[in-house]
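See structure below.
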Amino acid sequence: MNNIFSQLDLAFWITFIAASVRTAVPILLAALGEIFAERSGVVNINLEGQMLFGAFVGFIVTYITGNLLIGTIVGATAGMLLALLFGWVCISKLANQIVAGITLNILALGITSYFFRIIFGVTTKLPHVATYQNIKIPLLNQIPILGEILFNNNIIVYLTIFIIVISNIIIFRTTFGLKLRSVGEYPRAAETMGVNVKKMRYIAVGICGLLAGLGGAFISVGILGGFMENITQGRGFIALAIVIFGKWNPYKALGAALIFGGAEALQVRMQVIGIQIPYQFMLIIPYLLTAIVLIITGRKAIAPAASGIPYEREKL
Amino acid sequence: MSHNYSLSMKNITKKFGDFTANENVNLDVEKGEIHGILGENGAGKSTLMNVLYGLYKQTEGDVYINEEKVQIDGPLDAIAKGIGMIHQHFMLISAFSVSENIALGLKSQKEPFIDMVEIKRRIKEVAEENNLTVDPDAMISDLSVGQQQQVEILKALYRGGEILILDEPTGVLTPQESEKLFATLKMIAKKGHSIIFISHKLDEVLEICDKVTILRRGKNVGVVSTENISKKELAGLMVGREVTLSIEKEDIKPGKLVLDVSNLTVKGSTVASSLKSISFSAREGEIIGIAGVDGNGQRELVEAIAGLNKVISGTIKVNGEDITNKSAKEILKRKIALIPESRKVVGSVCQFNLVDNMILRQLYDKKFNCWGVIKYKEANIYTDEIIEEYDIRTAGKSICAAQLSGGNLQKLILGREIHLDPNLLLAMHPTRGLDVGAIEFVHEKLLEQRKAGKTIVYVSTELEEVMGLSDRIIVLYNGKITGIVDQLEASRELLGRMMAGEYIDDIKEASL
């Protein structure tokens with residue numbers, strides 16, 4: 001035991017928190033997207049599939065072009081395209097959002113796994129690409145502890161922080177945000193005020209897919225530099241939980257995502273440190289935490305009133 | 001044409017598939033006029049207005065604004081053309097503040113940001129001009145129904161509405177709030193706005209409108225001036241035959257105590273609808289009316305007695321037996337019948353045929369149940385009897401309940417429940433949405449039950465009906481009883497004040 005505690009020095013904590021941030025980023029990006037979708041009244045359960053698409057396409061394009069930026073952008077766009085397909089099924093065709101979401105998740109898993117094998121064959125030697133380099137922000141990265149945690153990261157991490165701030169402004173301060181929230185609360189009322197409900201929902205779902213795809217690409221080309229089947233491992237679903245835990249608010253979602261990032265980073269470290277618990281139990285931690293948090297906060301959370309309900313115009 | 005119509009709708013037809021909701025309907029409204037549109041439920045009033053507001057597209061016909069033919073492509077376009085609509089169910093987002101609701105859909109001076117300062121300034125300005133009391137910072141969910149309606153009116157005026165449409169605006173108001181609304185409308189009309197007032201209530205239309213267009217089954221049946229027409233003539237036009245408007249009731253001496261509710265506390269869907277320690281009783285041969293604005297605990301009360309809602313504290317006794325928190329089945333066995341608020345959701349299973357619906361409540365009865373197998377032969381005979389007795393107009397007993405009209409479905413439920421030979425009959429809004437003929441029928445049957453010595457708890461928001469039928473009237477406000485009055489004591493004014501939260505003792509004291 002003594003041995004274990006002796007490892008918990010300052011350096012440990014710094015790398016632990018830095019790892020928490022890194023792990024939180026993809027979940028947070030997806031959660032931010034989901035906030036847009038749910039605020040507009042669409043529960044995008046297809047989040048996982050959109051992340052997976054982003055991860056896969058991001059990796060393939062980077063592998064082929066050798067250009068990380070192009071890979072990331074195309075990956076995010078792939079997430080958006082899947083989201084728009086989901087949107088078409090749910091918004092225009094009025095399908096049940098849960099069923100459509102789950103179906104498309106299975107589709108995304110199948111497609112990405114299939115094409116990955118087609119392209120690279122069944123191999124134990126996984127193909128790799130270079131990942132984003134960390135950018136040290138001058139001066140700020142000199143701040144003790146914080147500098148290492150916050151200002152020595154790759155571009156997507158900085159971008160994520162920017163997206164949080166911007167999302168909050170868009171949702172709560174702009175006329176666009178007002179329309180977005182109104183279609184998620186009471187679409188009929190919004191329509192009588194001249195808001196195009198379906199258009200708003202498509203835009204929101206599109207943004208959601210873009211961010212989820214970016215989050216997925218961050219996993220494959222931002223952290224790992226590789227791809228494997230089901231690389232997202234349910235992070236899309238954790239993001240759904242974070243949205244509830246974060247009460248559909250970008251800043252609160254940041255807090256929530258950090259807790260989950262922390263849990264993930266912790267379980268990795270607990271394995272490394274050599275605590276005598278089978279590692280499978282460690283793997284459970286983030287998911288267990290998700291379940292517990294949902295049980296505690298789920299009842300009290302007040303979702304947008306019309307979230308999950310398809311909107312039909314001429315209904316007698 | 002010498003008239004200067006601010007709005008004309010000519011030969012409007014609107015079809016939904018095979019169903020024609022409006023057929024060649026005409027409507028002309030002058031500037032500064034309050035124009036009523038009168039018709040029963042399903043007469044096509046709301047459809048016509050939704051066409052005008054651009055929510056529906058007419059199948060045929062034209063709309064003219066200020067004598068100019070226009071094409072209205074959606075609500076935004078309607079607003080731009082000066083049409084403002086105050087819907088029956090308010091189009092307000094309860095999670096938003098008043099100013100956010102007003103700002104929704106408007107271009108801002110500071111795009112892409114919302115210009116809250118300007119919005120609030122204008123709200124105050126418009127409110128003052130029109131004598132409305134509206135707090136821009138209040139959350140909609142914190143406002144009373146009357147206040148929310150003021151926000152709706154302000155919203156329409158804010159957007160430069162010249163023609164205001166009010167769809168059944170008094171349905172959810174207390175009489176006092178209605179009076180205030182009427183005063184506001186008269187003032188707005190005086191300023192040159194045209195107001196279209198949609199209603200099925202004759203008194204109101206006569207009180208506030210200059211002219212009335214009457215619709216029946218989607219068609220125009222006339223345009224009359226309210227100056228020279230009586231209530232009865234108007235009712236005749238609306239229904240299409242002669243009607244009696246008064247309720248005649250025999251004197252009956254109440255018998256022994258049947259229902260005894262004491263200190264009943266029930267958690268409702270909202271704080272206002274949660275019952276807070278209420279007590280009352282009812283006797284044989286008595287109709288107890290429960291009045292109050294919707295959502296003040298009426299549903300919770302009825303559901304608690306019927307075993308559909310959990311009682312937190314207090315007791316409910318029927319014929320001396322404590323039935324508090326017994327299961328709905330146990331309560332049904334004690335012959336407590338229920339005509340629920342919603343015919344289609346609670347009162348019947350829409351997809352089932354009439355026979356199945358008829359015996360739904362008696363599935364455990366040996367009469368229809370032989371070792372778990374339904375005795376359809378008996379059930380069919382039983383159904384035929386009730387169809388005959390209650391004059392249910394149907395294409396047969398094998399059609400599904402959803403195909404019945406509202407009135408006929410209600411007759412089915414009424415017949416089913418009365419045939420249980422109940423000790424206590426709970427009737428919740430039994431006449432809501434029915435046409436005048438069906439209302440008469442329901443009243444007749446309830447009075448028959450009263451005569452047979454049954455006890456009836458009658459919940460309604462229609463004050464005229466409650467006052468006409470009940471022996472005693474209980475007013476619920478915010479989950480509490482603000483007073484119990486005898487039929488003879490009851491007046492619209494008194495009940496209205498109690499519905500707004502004044503206690504009867506305070507009212508009496510003040511008038512001494």
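Below, chain A is the first sequence line, B the second, and so on; all start at residue 1.
Most heavy-atom pairs under 4.5 Å with chain A, from the set B:Met85, B:His89, B:Lys110, B:Glu111: that is B:Glu111. Options B:Leu104, B:Ile93, B:Asp115, B:Leu76 differ in how many heavy-atom pairs under 4.5 Å they form with chain A, and the most are formed by B:Leu104.
The cationic atom of B:Lys14 (NZ for Lys, CZ for Arg) lies less than 6.0 Å from the six-membered ring centre of B:Phe16 and within 45° of the ring axis.
At a 4.5 Å heavy-atom cutoff, the contact between B:His87 and chain A is made by side-chain atoms alone. B:Ile79 touches chain A through its side chain: at least one heavy atom from C-beta onward sits under 4.5 Å away, while N, CA, C and O do not. Of the atoms belonging to A:Ile169, it is side-chain heavy atoms, and not backbone ones, that fall under 4.5 Å from chain B. Heavy-atom distances place both the backbone and the side chain of B:Phe113 under 4.5 Å from chain A.
Checking A:Leu180, A:Asn44, A:Val205 one by one against A:Phe36, the side-chain contact (heavy atoms from CB on, under 4.5 Å) holds for a single residue, A:Leu180. Each of B:Val134, B:Leu92, B:Asn101 was compared with B:Gln148 under the side-chain contact (heavy atoms from CB on, under 4.5 Å) criterion, and only B:Leu92 meets it.
Between A:Arg188 and A:Glu191, no side-chain nitrogen of the basic residue sits less than 4.0 Å from a carboxylate oxygen of the acidic one, so the salt-bridge criterion is not met.
B:Thr170 contributes no side-chain N or O that, together with a main-chain N or O of B:Leu173, makes up a donor-acceptor pair within less than 3.5 Å.
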